[in-house]
Amino acid sequence: MLQEAAESGDASAMYWLGQAYDYGHGVPTDPDRALDLYWDAAEQGLPEAQAAIAYSFDEGIGLPLDDAEAIRWYRKAAEGGEVPSQRALGLMYAAGEGVERDFEEAARWYRRAAENGDAVAARLMAEIHYRGSGPFAIDHERAAEWFYRAARQGEARAQYGLYVLYGQGLGVPHDEMTAYTWALFAARQGSEWGRKAWEGADWFLNEHQQRDIERRVEAGVMPSLTND
């Protein structure tokens with residue numbers, strides 16, 4: 001049925017059939033056939049297929065490595081609402097890949113992706129404010145707000161970022177209990193930095209405090225964001 005819909009020109013069916021050939025779901029793996037289907041769907045304006053073409057140019061998978069073409073197709077997909085492409089476009093502007101480096105444009109796309117629920121994009125926004133990238137001044141309070149937004153969604157690097165901010169009192173009150181709570185959340189998400197931070201909790205917290213944090217993390221109780 002999917003094959004018939006794709007042959008009739010249905011862009012969504014083309015994309016999903018391309019996925020099937022890409023990953024061998026119910027059909028033999030055939031990356032060339034998948035790419036042909038993505039192209040056909042992308043030319044009809046399907047954002048997911050445009051993202052697949054962008055990724056192929058970005059990584060040189062099935063197509064020549066070409067940052068300019070990757071940018072062009074990511075932009076089409078991003079403007080069509082494809083959230084991972086919005087974040088990818090931001091990353092390319094931040095790195096200056098295929099375009100002139102532009103942190104304002106990077107932030108615009110990160111913000112758009114974050115507002116569409118992308119936790120990694122929210123963390124990338126936090127890092128822009130934490131570092132003072134490009135024309136942005138260092139702003140730890142805004143960094144905390146974006147880290148918190150990502151951390152609430154389970155983004156481990158953002159959780160570690162909150163450990164750093166609370167541990168040093170940057171943009172938020174200095175609070176070792178809150179800092180190590182976020183460190184443990186990050187560690188439980190697989191963060192090596194979070195694990196190492198939690199291993200150092202003995203220097204700042206007594207056993208009762210550590211057990212209290214462990215109970216809260218086990219229950220999924222995240223601290224509220226507090227500002228100076």
Side-chain angles (χ1 to χ4, degrees), residues 59 82-95 103-104 106-228:
E59 299 295 326
E82 214 273 333
V83 177
S85 291
Q86 293 169 350
R87 186 211 317 154
L89 196 55
L91 284 166
M92 295 192 81
Y93 272 106
F103 281 102
E104 286 184 304
R108 185 170 78 86
W109 286 108
Y110 290 157
R111 187 179 296 107
R112 189 163 168 181
E115 288 170 353
N116 284 319
D118 190 297
V120 174
R123 188 254 300 165
L124 291 167
M125 278 296 300
E127 290 176 354
I128 281 179
H129 292 296
Y130 179 80
R131 295 170 181 159
S133 300
F136 292 90
I138 292 173
D139 187 335
H140 292 133
E141 188 169 331
R142 291 191 70 184
E145 291 168 359
W146 283 107
F147 274 139
Y148 184 72
R149 185 169 183 166
R152 292 283 300 177
Q153 294 176 258
E155 217 281 335
R157 289 176 64 178
Q159 292 168 344
Y160 180 81
L162 288 172
Y163 156 75
V164 171
L165 294 183
Y166 277 100
Q168 298 181 32
L170 299 174
V172 292
H174 177 248
D175 184 335
E176 297 292 356
M177 283 289 287
T178 300
Y180 280 100
T181 300
W182 284 117
L184 186 55
F185 268 111
R188 294 285 172 86
Q189 295 279 9
S191 167
E192 184 66 12
W193 291 347
R195 182 187 65 79
K196 289 180 179 179
W198 178 249
E199 287 176 353
D202 285 342
W203 289 93
F204 300 97
L205 304 176
N206 61 41
E207 185 176 348
H208 174 75
Q209 289 172 317
Q210 291 178 55
R211 299 293 83 77
D212 184 52
I213 287 173
E214 288 173 341
R215 285 192 294 271
R216 288 173 178 273
V217 171
E218 189 66 31
V221 179
M222 293 182 176
S224 299
L225 180 66
T226 53
N227 300 108
D228 286 328

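Just so you know, these numbers come straight off a predicted model, no measurement behind them.
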Next on the checklist: Going by ring pair (Phe, Tyr, Trp, His ring centres under 6.0 Å), name the residues that satisfy it together with Phe103, two or more places apart in sequence or in a different chain.
Outcome noted: none

Next on the checklist: I'd like to know if the side chain of Gln210 reaches the main chain of Leu205, judged simply by a donor and an acceptor atom lying under 3.5 Å from each other, with no hydrogens or angles considered.
Outcome noted: yes

Next on the checklist: Check this for me, if you would: do Glu145 and Arg142 make a salt bridge, where the nitrogen-to-carboxylate-oxygen distance has to be below 4.0 angstrom?
Outcome noted: no

Item to check | side chain to side chain contact (heavy atoms under 4.5 Å, CB included) evaluation trace for His129 with Phe147 | outcome: CA-CA 10 Å; His129 292 296; Phe147 274 139; over 6 Å; no

Checklist entry - For Tyr163, what residues pass the ring pair (Phe, Tyr, Trp, His ring centres under 6.0 Å) criterion, not counting sequence neighbours? => result Tyr160, Tyr180

Checklist outcome for this item: Closest non-hydrogen atoms of Glu176 and Gly167, given as atom of the first, atom of the second and distance, are OE2-O, 4.1 Å

Item to check | Inter-residue atom distance Leu165.CG - Glu141.CD, 0.5 Å rounding | outcome: 11.0 Å

Checklist outcome for this item: For Asn206, the side-chain contact (heavy atoms from CB on, under 4.5 Å) test, sequence neighbours excluded, returns His208, Gln209

Checklist entry - Is the number of heavy atoms from other residues, nucleotides or ligands within 6.0 Å of CZ (Arg131) greater than 12? => result no

Item to check | salt_bridge(Glu155, Arg149) N-O dist < 4.0 Å | outcome: no

Checklist entry - Would a line drawn from the ring center of His140 to the ring center of Tyr130 be shorter than 6.0 Å? => result yes

Checklist entry - Looking at Ala144 and Val172, what are the two nearest heavy atoms and their distance? => result CB-CG1, 3.8 Å

Checklist outcome for this item: The ring pair (Phe, Tyr, Trp, His ring centres under 6.0 Å) partners of Phe185 (sequence neighbours excluded) come to Trp182

Could you pull out all donor-acceptor pairs under 3.5 Å where a side-chain atom in residues 84-91 meets a protein atom, sequence neighbours excluded?
residue	atom	partner	partner atom	Å
Ser85	OG	Glu82	OE1	2.6
Gln86	OE1	Asn116	ND2	3.1
Gln86	NE2	Ala78	O	3.2
Arg87	NE	Asp118	OD1	3.3
Arg87	NE	Asp118	OD2	3.2
Arg87	NH2	Asp118	OD2	2.9

Item to check | Glu199: partners by side-chain contact (heavy atoms from CB on, under 4.5 Å), with sequence neighbours left out | outcome: Arg195

Item to check | Heavy-atom side-chain proximity of Gln159 to Trp193 below 4.5 angstrom | outcome: no

Checklist entry - Under 3.5 Å, is there a donor-acceptor pair between the side chain of Gln153 and the main chain of Gly117? => result yes

Next on the checklist: For a quick test of reading the model, state the closest non-hydrogen atom pair linking Ala121 to Ala113 and the distance between them.
Outcome noted: CB-CB, 3.6 Å

Checklist entry - If every non-hydrogen atom of Ser224 is compared with every non-hydrogen atom of Tyr166, which pair is closest and at what distance? => result O-OH, 3.8 Å

Checklist entry - Between Ala158 and Ala151, which heavy-atom pair has the shortest distance, and what is it? => result CB-N, 3.7 Å

Item to check | Neighbour count >12 (heavy atoms, 6.0 Å) for atom CD, Glu115 | outcome: yes

Item to check | Pairwise side-chain contact, Arg157 with Gln189, heavy-atom cut-off 4.5 Å (strictly under) | outcome: no

Checklist outcome for this item: Nearest heavy-atom contact between Pro223 and Thr178 is CB-CG2, 3.9 Å

Item to check | OG1-CG distance between Thr181 and Asp175, expressed to the nearest 0.5 angstrom | outcome: 8.0 Å

Next on the checklist: Check Glu127 with Arg123, please: is the shortest side-chain N to carboxylate O separation under 4.0 Å?
Outcome noted: yes

Checklist entry - Do Tyr110 side-chain atoms and Ala126 backbone N/O form a donor-acceptor pair below 3.5 Å? => result no

